[in-house]
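Please read all numbers here as calculations on a predicted model, not as lab measurements.
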Amino acid sequence: MDIICDGPHVPMKKLGETRPMVPKDRKEYINIDRKAVEKNYRAMKILKYGKHCKGTTQVKQSKIDMLTTEYELFRMKDDESIQDMHTRFTSITNELHSLGDVIPKNKLVRKILSVLPGSWESKVNSIVKLKIYKL
C-alpha cells in the first residue's frame, strides 16, 4: 500500500557529506533494495492488469450493447438485395456470437422473416405453415 500512496522506492546512496543523495546503480543494490524494487514492480503490474481488465470488460460490453441495438433495429433497406441484407445480418450476429452473446437459431430465423419486404409475404407464410424451422 505504501508504494501506491508514496510512489516507487528508489534505492539511494550518499556521495559525500555535503553532496545530495543519488540513485544507486543496480549492481550496488543490497537485498533490501532488491525487495523494495520488486514490490514496485508487483504493484505496477497489479495496477496495470486491473486497469486493462476493467477496460476490456467495459469495451466488450459497449460493443455488445451497440450490436444488440443494431440487431433489434435491423430492417431490410429499400434498395438492398436479399443477399446483401443477409450478409449484413450475419455480420451483426457473428460479431455478437464472437463476444459471447449467442442468439438462438429460431430467434434469428424469426428476425429475418420479420424484416422481409411485403413482396415476400406469401413465402414467409408458407415457411411458417410448413414449420421448416421451429418458430
Side-chain angles (χ1 to χ4, degrees):
M1 183 67 172
D2 293 338
I3 293 168
I4 295 168
C5 294
D6 302 333
H9 173 76
V10 179
M12 303 292 278
K13 67 179 178 180
K14 198 167 194 173
L15 291 177
E17 285 296 318
T18 58
R19 293 187 145 183
M21 300 279 280
V22 295
K24 289 182 182 178
D25 290 330
R26 284 187 188 256
K27 59 186 172 199
E28 296 176 302
Y29 287 1
I30 58 174
N31 278 345
I32 216 164
D33 296 330
R34 284 187 196 89
K35 286 181 182 180
V37 170
E38 188 178 312
K39 285 181 183 178
N40 292 344
Y41 174 75
R42 280 189 294 197
M44 288 190 306
K45 187 175 173 183
I46 289 167
L47 290 171
K48 285 179 184 176
Y49 180 76
K51 186 177 179 181
H52 172 74
C53 287
K54 183 176 181 186
T56 302
T57 302
Q58 288 175 337
V59 168
K60 180 180 174 182
Q61 190 56 53
S62 292
K63 284 181 181 179
I64 289 171
D65 292 345
M66 180 192 71
L67 289 164
T68 300
T69 300
E70 202 172 331
Y71 170 83
E72 290 169 353
L73 299 175
F74 188 85
R75 297 287 176 258
M76 185 174 177
K77 297 175 183 175
D78 291 335
D79 59 342
E80 190 172 38
S81 70
I82 295 294
Q83 182 61 45
D84 290 341
M85 184 241 350
H86 184 264
T87 301
R88 197 165 51 87
F89 184 77
T90 302
S91 175
I92 294 167
T93 57
N94 283 348
E95 199 165 346
L96 278 167
H97 188 272
S98 73
L99 292 168
D101 192 6
V102 180
I103 301 169
K105 289 220 186 263
N106 63 336
K107 191 173 178 185
L108 295 174
V109 171
R110 272 185 276 156
K111 182 66 172 178
I112 285 286
L113 293 175
S114 73
V115 299
L116 290 171
S119 60
W120 281 73
E121 185 177 351
S122 63
K123 293 174 183 111
V124 169
N125 289 338
S126 296
I127 291 169
V128 172
K129 285 179 187 173
L130 292 173
K131 296 183 182 179
I132 293 172
Y133 291 100
K134 293 181 181 180
L135 302 176

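Here the straight-line distance linking atom OG1 of Thr87 with atom CD1 of Ile92 works out to 11.0 Å at 0.5 Å rounding. Rounded to the nearest 0.5 Å, atoms CD (Glu121) and OG (Ser126) are 10.5 Å apart. Atom CG of Asn94 is separated from atom CZ of Phe89 by 10.0 Å, given to the nearest 0.5 angstrom. Rounded to the nearest 0.5 angstrom, His97 NE2 and Leu67 CG are separated by 13.5 Å. The line from CD1 of Ile103 to CG of Leu96 is 5.0 Å long, rounded to the nearest 0.5 Å. Separation of atoms CD (Gln83) and CE (Met85) is listed at 9.0 Å; rounding is to 0.5 Å.
When side chains are defined from C-beta on, Leu113 does not count as touching Arg110, because their heavy atoms never get closer than 4.5 Å. Two residues are said to be in side-chain contact when any heavy atoms from C-beta on lie closer than 4.5 Å; Arg26 and Asp33 fail this criterion. Counting only heavy atoms from C-beta outward, the side chains of Asn40 and Val10 never approach each other to under 4.5 Å.
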- Apply the test side-chain contact (heavy atoms from CB on, under 4.5 Å) to residues Leu108 and Tyr71: give CA-CA distance (whole Å), side-chain angles for both, the deciding distance (0.1 Å), then the verdict. CA-CA 10 Å; Leu108 295 174; Tyr71 170 83; 3.9 Å; yes
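Nearest heavy-atom pair, Lys14 versus Met21, reported as atom, atom and distance to 0.1 Å: CB-SD, 3.7 Å. Nearest heavy atoms, Val115 versus Arg75: CG1-NH1, 3.8 Å. Among all heavy-atom pairs drawn from Val124 and Leu116, the shortest one is CG2-CD1, 3.7 Å.
The number of heavy atoms from other shown groups lying within 6.0 Å of CD (Glu95) does not exceed 12. Within a 6.0 Å sphere centred on NZ of Lys63, other residues, nucleotides and ligands contribute 12 heavy atoms or fewer. Residue Ile32 places its CD1 atom among 12 or fewer non-hydrogen atoms of other residues, nucleotides or ligands, all under 6.0 Å distant. Annotation for Lys24: atom NZ counts as buried by contact number, over 12 foreign heavy atoms lying within 6.0 Å.
Val128 and Val109 fall within the same hydrophobic cluster, where Ile, Leu, Val, Met, Phe, Trp and Tyr residues are linked whenever their side-chain heavy atoms come under 4.5 Å apart, directly or through other members.
Applying the salt bridge (charged side-chain N to carboxylate O under 4.0 Å, His left out) test to Glu28 and every residue at least two apart in sequence or in another chain returns Lys13.
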